[in-house]
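Below: the structure, in structure tokens.
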Amino acid sequence: MPAQAHISYAATVQYEEEQAACRWEDDGGHVGHLPPAAPAGHWLRISAALTERLPEIAGRDDVIVTCEVGGTRAGAPAAFYPTQAVIEIDTSVFAPHRPAALQPARHGDEERYPVAWGALVHEASHSAHSKWTTPAALRGTAVDGAAQMLEESRVEYTHLARRPGDRPFLRACVGRLVLADFTAHTPNDPWQAAYAAGLILARRDAGILDADETDPLEETVTAVLGTDLLATLAGIWKAAQVTRDEDGPQMLAHARAWCQALGADPHQPPPAPGPDAQGQGELAEAIGETIGNITAAEAATAAIAAARATRAREKSERAAQEKQAALTATKVFAPSTRRPHAPGTTKHRGKPPKSPITGTRNPTGAEKAAAGQLARALRTAAYRERTATVTASAAPPGRLNMRGALARDAQKAAGATPTAMPWIHTQRRQAPSPPLRVGIAVDISGSMHEAAAPIASAAWILARATALTDPDSSAATVAYDHFLTAITAPGRTPDRVAEFTADGFGHSLAETTDALSAGLGLTQPGRGRLLVIASDGYYAPDEAARAADRIKTLTRTGCAVLWLAFAPDPRPLPGTTLLELADLARATAAIAQAATAAIATTR
């Protein structure tokens, strides 16, 4: 379709309702003014929303936007009618989105359909800046076609000076506005080649397209027009782009210069292809390749933007989760209470739940021995070899390197400035051992009833051994079902073994992990970090999914996660190291090995 189809000053085709009204009036009937048929359903809502947002784009509040099912009256994807102050948009440019999903009244929704929004921006730029008309006597002539073609890039250039943020939308719709003008049957004659250059290369110089994107078309057009003629035409469209909105005579002067450069009579229709036309389809192919380059660039930009948005969203979600985790840790480890805590933002209703802790007892000799063995293993794992720093110098202290000494003597004998460093000094420093942070999550749901005693013992051994390892090491234990109950708080060494019952309901492992992570800093580098989960893993799908997400976050930061199972057929969550244990002695050795690995990989 020609460029002038995007803006029509002539009388437009009437709708069927208008034609019927005219026939009725011709027959003597009386009818009032009938407006154009309104789009139905969601398209009526979308049209109203686009009309409401048009003033921010065009700076005009008297233009109506309508979405037309089946195409605009002008036949273009979008068109502006100055005499009616109407912009029409073909509903097909919103594909593949369903009309029910379109919410253009919501700022930012336009990012989902940039082609359609770009068409709206283009026609809005016409409504704001196309303030001149071609005289009626010149309509349909070569000078009219050239002037309307030059107007396409001029209004976009002027619009971007006001709203540079609309550039991505104008880029996105270039293919829909331009590509349909050219087909495989379009001849490669000078007028058509110049027309393509005026629509696409001019948009490059207007700052809408990038130079590398338009290289295929520029090569094809140069082959048809020659370098000098293309440079002349480029000078014309650049001059047109800085022409004032109201200066119609100057735009017509640019159009006449365009016709003169191409040897066309400005007062006649656009020239038909001559016998020397260089084939067919090459222009359309070059334009298609150019549009493909633009589409690929836009897709890459969109992918980068989506990745950034995803990272920002994930960062925001992590910050919110960390804030909630800190709040949970504060409530769970509050020194004034050991009552079960209901996780989440909703308060627990009804009678407060009873604490699962039934009492404490003195550790047995076997438990004390196991704690001592585990502490020694942890200290051994935490040991760091001394670091050695080797420096070379021209003078002592250090060990004399004879080769370096001979080289220095040779340099002196030759009259050169000595550069050899014959003395080697090695300085060794003790590397600090990292402290250990151990979080212990104990499942006290009904299915863990038989394992309550060995888990209580293992939890005490872990906490006690961690405290014996280093003064800066710390452990904490939380029992969980639907509620969270602190058995030991960070920084508090348990002297006695806490015994508890396992007859609860539900599994709040995700919130337990949050509390331990926030209370002990399990996501912070620079220390050995270990999360030990004692459970059979029989969780509801949503409980397992939320807990697995927390475990994935921990393992990403370098925290080891150990899953202890004291019953057959466990279901550990992904990202954990499973240890199926039948007796406490094996548990101690396995825990020591896992904790040792956690310290060894500290970063």
Side-chain angles (χ1 to χ4, degrees), residues 1-7 121-122 125-126 128-134 138 141-162 164 167 170-171 173-175 177-179 181-182 186 188-264 266 270-271 283 286-287 290-291 294:
M1 61 196 71
Q4 58 265 34
H6 295 286
I7 177 170
V121 170
H122 177 80
S125 65
H126 275 305
H129 303 291
S130 292
K131 299 181 179 179
W132 61 273
T133 61
T134 304
L138 295 178
T141 62
V143 70
D144 180 38
Q148 298 300 335
M149 177 269 299
L150 293 172
E151 182 73 356
E152 292 292 287
S153 65
R154 188 195 75 83
V155 294
E156 292 187 0
Y157 175 83
T158 308
H159 178 86
L160 285 185
R162 290 190 303 110
R167 179 177 183 263
L170 291 173
R171 286 171 53 83
C173 76
V174 166
L177 295 178
V178 176
L179 190 57
D181 294 355
F182 300 88
T186 301
N188 298 337
D189 70 298
W191 183 264
Q192 294 294 337
Y195 186 81
L199 289 178
I200 295 182
L201 300 186
R203 282 182 165 94
R204 174 201 63 191
D205 294 338
I208 299 166
L209 306 179
D210 296 330
D212 58 338
E213 297 168 342
T214 59
D215 284 344
L217 178 63
E218 185 172 17
E219 293 177 3
T220 301
V221 170
T222 302
V224 176
L225 301 177
T227 304
D228 294 340
L229 179 54
L230 181 58
T232 299
L233 298 177
I236 295 173
W237 71 58
K238 290 178 182 178
Q241 287 170 356
V242 296
T243 301
R244 293 182 297 108
D245 293 344
E246 303 84 358
D247 199 347
Q250 186 61 44
M251 286 299 296
L252 290 175
H254 293 317
R256 291 189 184 93
W258 185 276
C259 294
Q260 182 179 0
L262 293 169
L283 275 177
I287 293 174
T290 298
I291 300 303
I294 299 170

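Numbers here are sequence positions counted from 1.
- Contact between V174 and L170 at its shortest, heavy atoms only, is CG2-O, 3.2 Å.
- For S125 (side chain) and H122 (main-chain N/O), a donor-acceptor pair under 3.5 Å exists by modelled atom type.
- Every pair passing side-chain hydrogen bond (donor to acceptor under 3.5 Å, both in side chains) that includes a residue from residues 251-261 is listed here, sequence neighbours excluded: T243-H254, Q250-H254.
- A264 and W191 get closest at one heavy-atom pair: CB-CZ3, 3.9 Å.
- In this structure, the side chain of E152 does not engage the main chain of G198 through any donor-acceptor pair within 3.5 Å.
- Within the 4.5 Å cutoff, no side-chain heavy atoms of E246 are placed close to those of W132.
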(request) Applying side-chain contact (heavy atoms from CB on, under 4.5 Å), run through H129 and R244 and close with a yes or a no. (result) CA-CA 9 Å; H129 303 291; R244 293 182 297 108; over 6 Å; no
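- In terms of heavy atoms, A206 sits closest to L160 at O-CD1, 4.2 Å.
- Between L209 and I200 the shortest side-chain heavy-atom distance falls below 4.5 Å.
- One finds a salt bridge joining D245 and R154 here, because a Lys/Arg side-chain nitrogen approaches an Asp/Glu carboxylate oxygen to under 4.0 Å.
- In this structure, L283 and L217 have side chains that are in contact, with non-hydrogen atoms separated by less than 4.5 Å.
- With 3.5 Å as the limit, one finds no donor-acceptor pair spanning the side chains of E151 and H126.
- The shortest side-chain heavy-atom distance between P190 and Y195 does not fall under the 4.5 Å cut-off.
- Between A147 and L252, the shortest heavy-atom distance links the atoms CB-CD2, 4.2 Å.
- Every pair passing side-chain hydrogen bond (donor to acceptor under 3.5 Å, both in side chains) that includes a residue from residues 202-217 is listed here, sequence neighbours excluded: E156-R203, R167-D210, R171-E213, R204-E218, D205-W237.
- Side-chain contact between L262 and L233: present, with at least one pair of heavy atoms (C-beta onward) separated by less than 4.5 Å.
- The two residues L229 and A261 come nearest to each other via the heavy atoms CD1-O, 3.5 Å.
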